[in-house]
Amino acid sequence: EVPLVESGGGLVQAGGSLRLSCAASRFSFDIYAIAWFRQAPGKEREGVACISGGDGKSYYGDFVKGRFTISSDNAKKTVYLQMNSLKPEDTAVYYCAAERFTSCPRGPRSYIAYGYWGQGTQVTVSS
């Protein structure tokens, strides 16, 4: 059983928007941090956004620059990533991850700390 299930990816033109969803029914948002990562071909996985119920904070990768918003719906046990003003360089497979953290781990290789992953959803932004 896959612990996290992503959806909402697809093909969009530059400047467009997508909303990704991460179904996380096994996880309590109070004690788990839920994050979005992405990986483009030939590149290392990088952190996009993270939300933590432990400290009530969210964090974003530097490249986001106000374009993306992470949010959670505790009743639906779902975390969303609203992506606006998409650019071709946002093209990647987007993954949802979870781990028991009271606050989101940060740093360029924070993905190493997460133990639960979804299968990913492809986002393609055309120019």
Ser52 versus Ser103, closest heavy-atom pair with distance: OG-CA, 3.4 Å
Minimal non-hydrogen separation, Ala33 against Cys104, with atom names: CB-SG, 4.3 Å
Where at least one partner belongs to residues 8-43, residue pairs that pass disulfide bond (SG atoms under 2.5 Å apart), sequence neighbours excluded: Cys22-Cys96
Once the angle between the rings of Phe37 and Trp117 is folded into 0 to 90°, is it parallel (under 30°), tilted (30 to 60°) or perpendicular (over 60°)? tilted
Enumerate the side chain to side chain donor-acceptor pair (under 3.5 Å) contacts for residues 87-97, please, sequence neighbours excluded, ordered by first and then second residue. Arg38-Asp90, Arg38-Tyr94, Arg67-Asp90
Measure the CG-OG1 distance between Leu4 and Thr78 for me, rounded to the nearest 0.5 Å. 10.5 Å
Residues forming a side chain to side chain donor-acceptor pair (under 3.5 Å) with Arg106, sequence neighbours excluded: none
Under the salt bridge (Lys or Arg N to Asp or Glu O under 4.0 Å) definition, can you give me all pairs with a residue in residues 50-64, not counting sequence neighbours? none
Quick one: side chain to side chain donor-acceptor pair (under 3.5 Å) partners of Tyr59, sequence neighbours excluded? none
Same apolar cluster: Leu11 and Leu86, side chain cutoff 4.5 Å: no
Over all heavy atoms of both residues, which pair between Tyr60 and Ala49 is shortest? Give the atoms and the distance, please. CD2-CB, 3.6 Å
Should Ile70 and Phe101 be regarded as members of a common hydrophobic cluster, given that ILVMFWY residues are connected when their side-chain heavy atoms come within less than 4.5 Å of each other, either directly or indirectly? no
Suppose the criterion is salt bridge (Lys or Arg N to Asp or Glu O under 4.0 Å): which pairs have a residue in residues 110-127, not counting sequence neighbours? none
Return yes if some donor-acceptor pair links the side-chain N/O of Glu46 with the main-chain N/O of Pro108 below 3.5 Å, else return no. no
Please collect all salt bridge (Lys or Arg N to Asp or Glu O under 4.0 Å) contacts where either partner lies in residues 107-126, sequence neighbours excluded, each pair once. Glu44-Arg109
Sequence neighbours excluded - salt bridge (Lys or Arg N to Asp or Glu O under 4.0 Å) pairs with any residue from residues 113-127: none
Reported OG1-to-CD distance for the pair Thr69 and Gln82, which is rounded to 0.5 angstrom: 7.0 Å
Output every pair passing side chain to side chain donor-acceptor pair (under 3.5 Å) with a member in residues 9-26, not counting sequence neighbours, ordered by first then second residue. Ser17-Asn84
Test ring-ring contact (aromatic ring centres under 6.0 Å, His included) applied to Phe27 - qualifying residues, sequence neighbours left out: Tyr32, Tyr116
Restricting to side chain to side chain contact (heavy atoms under 4.5 Å, CB included), what partner residues turn up for Ser72, sequence neighbours left out? Phe29, Ile51, Asn74, Val79
By side chain to side chain donor-acceptor pair (under 3.5 Å), which residues pair with Ser28, not counting sequence neighbours? none
Are Tyr80 and Val5 co-members of a hydrophobic cluster defined by side-chain heavy atoms under 4.5 Å apart? no
Distance-minimising heavy-atom pair for Ser110 and Pro105: CB-O, 3.8 Å
Check whether Val123 and Trp36 end up in the same hydrophobic cluster, where Ile, Leu, Val, Met, Phe, Trp and Tyr are linked by side-chain heavy atoms less than 4.5 Å apart. yes
Side-chain heavy atoms nearer than 4.5 Å, only ILVMFWY residues, links allowed to pass through others: does that put Met83 and Ile34 together? yes
